[in-house]
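Indexing begins at 1, ligand by ligand and atom by atom, following the structure's order. On a predicted model such as this, the values are computed, not experimentally measured, just so you know.
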Amino acid sequence: MTSYNIALNFEDGVTRFIQCKDGEKVLDAAFRSKINLPMDCSDGVCGTCKCRAESGSYELGDDYIDDALTSDEAESGLVLTCQMKPSSDCVIAVPTTSVACKTGQLKFAATVARVTSHNDAAIVLELEVDAEAPAFLPGQYANINVPGSGQHRSYSFSTAPGEQRISFLIKKIPGGVMSGWLERAEVDETLELTGPLGSFYLRDVNRPLLFLAGGTGLAPFLSMLEVLTRENSQQPVHLIYGVTRNLDLVLVDEIEAYTARLANFSYSTVVAEETSQHPRKGWVTQHMPAEALNGGDVDVYLCGPPPMVDAVRRYFDETGVKPNSFYYEKFTPNAVLEVAA
Ligand code: FES
């Protein structure tokens, strides 16, 4: 029987995936998965189950009343989960916390498959997930418990969803808890993860995309590029990958490979360091090709440190460029600080 993958994104950044059978209502499918979405009547009368469908196709039928959901609301993407029958995979934003819905972060275990150091600047950590491949939206992250430290660190998946082998791109920090552990990590060692988390993920692609990556903020874009390639996307995608030092430019071969694999993909690299001989020096904002901004008809995604987010925001303000949407994730080496659209 056909069923669809429904991502429920809660207000606290937790995402849970449920399977919704063809013809089944989202509220019922969630209940089957022991997730109590907000509801009162389950009859299309009260409006308590109102959520926002961020992507996917579905039917709402006509068994609900205007007081519960107006036609304008339905037009704008709001849905009643007690009426909504998906006809494709969907992403639904739920306006409450995962805890309020009696669910929470998903925990899973994985074993170390490979640890690869790149230029002594970053490390690719590859893990093998023993159970089912984790479901996530391209761009989301997981918290990885650092063994023996009682602490966790947050890293975006750099692989596409649905793979048993998952990987993360980790900035090497002298004295860092994760960096220190990775130096001694051994193949087959078990790690505990929680996730997926975060509202920085690839939305429906209806126009050109501009990806701005700062340092290891490249990771979520690798996941997105793989998904776009799988979907055979034809939309123009331009990635600007900015780093501090030449040494910090890692996985460029992997990016380069997408120029052959993904139609209409281009990229450039930018190095900030004054002494660098790199052909493009400075900040990503100094190297934004006008065509990549497409007169504002573009969805911009940025993952990088706070000053980069601020610089790009300023750039848009100063140049008067108003992208159709601007999604960003601010992070420091230890944590995701802010996600916004
Ligand atoms: Fe009342 Fe859906 S639960 S309208």
Counting from 1 in the order shown, the ligand 1 atoms closer than 4.0 Å to a non-hydrogen atom of Cys82 are 2 (Fe), 3 (S), 4 (S)

If we number the atoms of ligand 1 from 1 as shown, the ones under 4.0 Å from a heavy atom of Ser42 are 1 (Fe), 3 (S)

After noting the C-alpha distance and the side-chain angles of Gln105 and Ser98, does the key distance pass the side-chain hydrogen bond (donor to acceptor under 3.5 Å, both in side chains) rule? CA-CA 8 Å; Gln105 296 177 357; Ser98 58; over 6 Å; no

Lys NZ or Arg CZ of Arg203 over Tyr327 ring: under 6.0 Å, within 45°: yes

A student checking ligand 1 against Gly44 at a 4.0 Å heavy-atom cut-off should list atoms 4 (S)

Val45 heavy atoms within 4.0 Å reach ligand 1 at atoms 4 (S)

If we number the atoms of ligand 1 from 1 as shown, the ones under 4.0 Å from a heavy atom of Gly47 are 1 (Fe), 4 (S)

Here the atoms of ligand 1 under 4.0 Å from any heavy atom belonging to Cys46 are 1 (Fe), 3 (S), 4 (S)

Practice prompt. State whether Cys49 contributes an N/O/S atom found under 2.8 Å from atom 2 (Fe) of ligand 1.
Written response: yes

In ligand 1, the atoms that come under 4.0 Å of a heavy atom of Asp40 are 3 (S)

A student checking ligand 1 against Met39 at a 4.0 Å heavy-atom cut-off should list atoms 3 (S)

- Query: Between Lys50 and Glu73, is there a salt bridge with N-O shorter than 4.0 Å?
  - Reply: yes

- prompt: Looking at Glu128 and Arg165, does any basic side-chain N land under 4.0 Å from a carboxylate oxygen?
  reply: yes

task = State whether Arg245 and Asp248 are salt-bridged, where the test is any N-O pair (Lys NZ or Arg NE/NH1/NH2 against Asp/Glu carboxylate O) under 4.0 Å.
result = yes

Original post:
Salt-bridged, Glu226 to Arg261, with N to O below 4.0 Å?
Top reply: yes

Is the closest side-chain heavy-atom distance between Leu218 and Leu169 below 4.5 Å? yes

